[in-house]
Amino acid sequence: MDSGEGGEEEGWEAAVRAEVGAVGWWDDPDSADHRARFKAFTGQRRDWPHPTLLFWKDLLLRVARRLRLCSAPAHLVTSVWFARPGGLTPLCLPQVLEEMRVDGDLLLKSELIDPSMGSLYQLVRRVSQMAISSRRPVSQEDTLVFKSLVEERAADIARQLSGSHWTSACVITMSRFNSFFSGQEDAHAALCLLTQSGKARYLVARKQDPVEGVKFALNSAQVPAVSKLDHDTLHLVWTEEKLQDQLEVLDRRWEISRRRALASFKSGDKQAAYRYVRQSKLFSQSRGRCTQLLERVEEVISLIANSESTKKVYEAIQIGIQAMKENNVSIEEVNVHLKEVDELVAAQREVDAALESAPLHSIEEGDIEEEFRKLEAELEDEIPHIQVQEPLSHTNEETPDEVVESLSNNLSSIKLEAI
């Protein structure tokens, strides 16, 4: 976060105003209540005004909750969020933060272990933390992690994921995990705390290009250790998300091609109209193939989840393979469909060039007019005309290298790229 961004500052001010409520002293720096709440505490713990301490602890958490934050830079909390006109800030906030650390309500991100780092790094960090006996004070460069808000967010994530999972834990991609938070930094801070408390585990499949994911607990128990099956499941889930993205792109291009075809026909440009009709039919065929492959991947994920819910990890692999055979889903058949992903990507790359370079054969006047009368009739009952524009294409394309050799051992080599 950048305190210099005006839009964010307005968001903080509105959140603070909403949580403070209609109290007269907040806007009156000369009032006794204002001075009492903004002044620094004395050095003696017994001299601290307990209601004021609770006021700031509660207000800080409520403002962060309203902003959907689980963490925040210390300099924003102490110098920006509650600043009043003239630069007046609560002098007691540093002591409030220290009290929250003592009570376990607040942690510093710098003191948490990054789960994405190697095992040697994590071991060194644990040893160094054990060797440090004194607690260093909060600095302006620290990131504050609010334990109760992370726990609330984790419970909310578990409720959402439980709707589509019936196991005690599930594997999701890192992008899916990040979507539950206000940003990647906030998500990473929460992940550090959740992995430290045993409610989540970081995993990465390292075959070729790494795919990051999180094994997340859906109940109060700690999440089990990461297994080989979890890595294969991560690649399947990642594949499912990529296929869904591709399907959305195909849907948008198909709809745009149909509308452009009708617009070109009405303007009298029948050659362009015919080209868009051919284009829409190609997109429709690609949609069908992509949908079939997506259904296959979802079926395999469901079979693995069913087996994992009743058996141990090793047994789950065997049961999952047996379930595939009973449902006429062979490994060879899955491999064939996975090959179609590469074919689909290659075919889409050639669509635009082929449509431009291919000569238009003789077209019967009546045939093309009949084609566009049908298209116009289909579009009459849909939503009003929308502005046609090219969909944004993905910028980071990945090149598939090879086909998986078997479901249990090589699912992690699945490669997809945006169309």
Side-chain angles (χ1 to χ4, degrees), residues 1-5 8-112 134-155 181-183 185-186 189-190 193:
M1 298 182 185
D2 184 359
S3 61
E5 297 184 7
E8 291 187 356
E9 289 187 7
E10 293 175 0
W12 301 329
E13 185 176 357
V16 172
R17 172 66 62 183
E19 295 300 336
V20 168
V23 291
W25 61 264
W26 182 258
D27 296 315
D28 184 8
D30 295 327
S31 66
D33 286 339
H34 192 284
R35 290 195 300 270
R37 294 184 188 275
F38 272 62
K39 71 178 182 179
F41 296 149
T42 65
Q44 298 297 324
R45 181 68 175 82
R46 62 177 179 272
D47 295 334
W48 289 17
H50 194 64
T52 302
L53 174 64
L54 296 180
F55 168 82
W56 285 112
K57 290 175 63 174
D58 181 63
L59 179 60
L60 176 57
L61 293 176
R62 286 191 286 113
V63 169
R65 185 182 294 111
R66 179 174 287 272
L67 293 171
R68 297 196 72 254
L69 294 175
C70 295
S71 62
H75 73 274
L76 294 184
V77 174
T78 58
S79 304
V80 178
W81 281 11
F82 308 107
R84 308 306 303 136
L88 180 64
T89 58
L91 300 179
C92 59
L93 272 183
Q95 291 93 333
V96 172
L97 297 179
E98 293 299 338
E99 274 300 297
M100 295 178 68
R101 291 181 68 193
V102 172
D103 296 338
D105 299 327
L106 180 69
L107 297 95
L108 302 183
K109 185 180 178 182
S110 59
E111 296 177 348
L112 298 175
S134 61
R135 182 194 300 269
R136 69 176 182 82
V138 177
S139 69
Q140 294 297 297
E141 291 74 25
D142 282 323
T143 296
L144 310 177
V145 183
F146 308 110
K147 182 180 178 180
S148 61
L149 300 187
V150 173
E151 293 173 345
E152 291 177 8
R153 189 64 55 83
F181 297 86
S182 62
E185 290 297 324
D186 197 47
L193 180 56

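Treat the numbers as computed from the prediction; the structure is a model and nothing was measured.
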Exercise for review: Could you tell me the separation between the CD atom of Q95 and the CG atom of L93, rounded to the nearest 0.5 Å?
Suggested key: 8.5 Å
Point to revise | side chain to side chain contact (heavy atoms under 4.5 Å, CB included) partner of C70, the single match among V145, V150, L144 | key: V150
Review point. Mind checking whether T143 and L108 have side chains closer than 4.5 Å, heavy atoms only?
Key: no
**Study point:** Heavy-atom pair of closest approach, residues P137 and D142
**Key:** O-OD2, 4.2 Å
Check your understanding: Is it the case that more than 12 heavy atoms not belonging to E185 sit under 6.0 Å from its CD atom?
Key -> no
Point to revise | Heavy-atom side-chain proximity of L59 to F82 below 4.5 angstrom | key: yes
Review point. Are any non-hydrogen side-chain atoms of W56 and R37 less than 4.5 angstrom apart?
Key: yes
**Study point:** Partners meeting salt bridge (charged side-chain N to carboxylate O under 4.0 Å, His left out) with R65 (sequence neighbours left out)
**Key:** E152
**Study point:** Side-chain donor/acceptor of E98 to backbone N/O of V138, under 3.5 Å
**Key:** yes
Exercise for review: Go through the structure and list residues passing side chain to side chain contact (heavy atoms under 4.5 Å, CB included) with D58, not counting sequence neighbours.
Suggested key: R62
Exercise for review: With rounding to the nearest 0.5 Å, note down the distance linking NZ in K147 to CG in L61.
Suggested key: 13.0 Å
Check your understanding: Looking only at heavy atoms, which two atoms of S139 and A74 are closest? And how far apart?
Key -> O-CB, 3.4 Å
Review point. Passes side chain to side chain contact (heavy atoms under 4.5 Å, CB included), L69 versus L149? Steps please.
Key: CA-CA 8 Å; L69 294 175; L149 300 187; 6.0 Å; no
Check your understanding: Does the side chain of L193 reach to within under 4.5 Å of the side chain of L112, using non-hydrogen atoms?
Key -> yes
**Study point:** Value rounded to 0.5 Å, distance of CG in L76 from CD in Q140
**Key:** 9.5 Å
Check your understanding: For K57, does the NZ atom have more than 12 heavy-atom neighbours from other residues, nucleotides or ligands under 6.0 Å away?
Key -> yes
Check your understanding: Atom CG in L67, atom CD in E19: separation rounded to 0.5 Å?
Key -> 9.0 Å
Practice item. Kindly compute the distance separating NZ (K109) from CG (D186), expressed to the nearest 0.5 Å. Key: 9.0 Å
Exercise for review: Using a 4.5 Å cut-off on heavy atoms from C-beta on, say whether the side chain of F146 contacts that of L60.
Suggested key: yes
Practice item. Report yes if some heavy atom in the side chain of T89 is under 4.5 Å from a heavy atom in the side chain of R84; otherwise report no. Key: no
Point to revise | Spacing of R101 atom CZ and L106 atom CG [to the nearest 0.5 Å] | key: 7.0 Å
Check your understanding: Does the side chain of W81 come within less than 4.5 Å of V63's, by heavy atoms?
Key -> yes
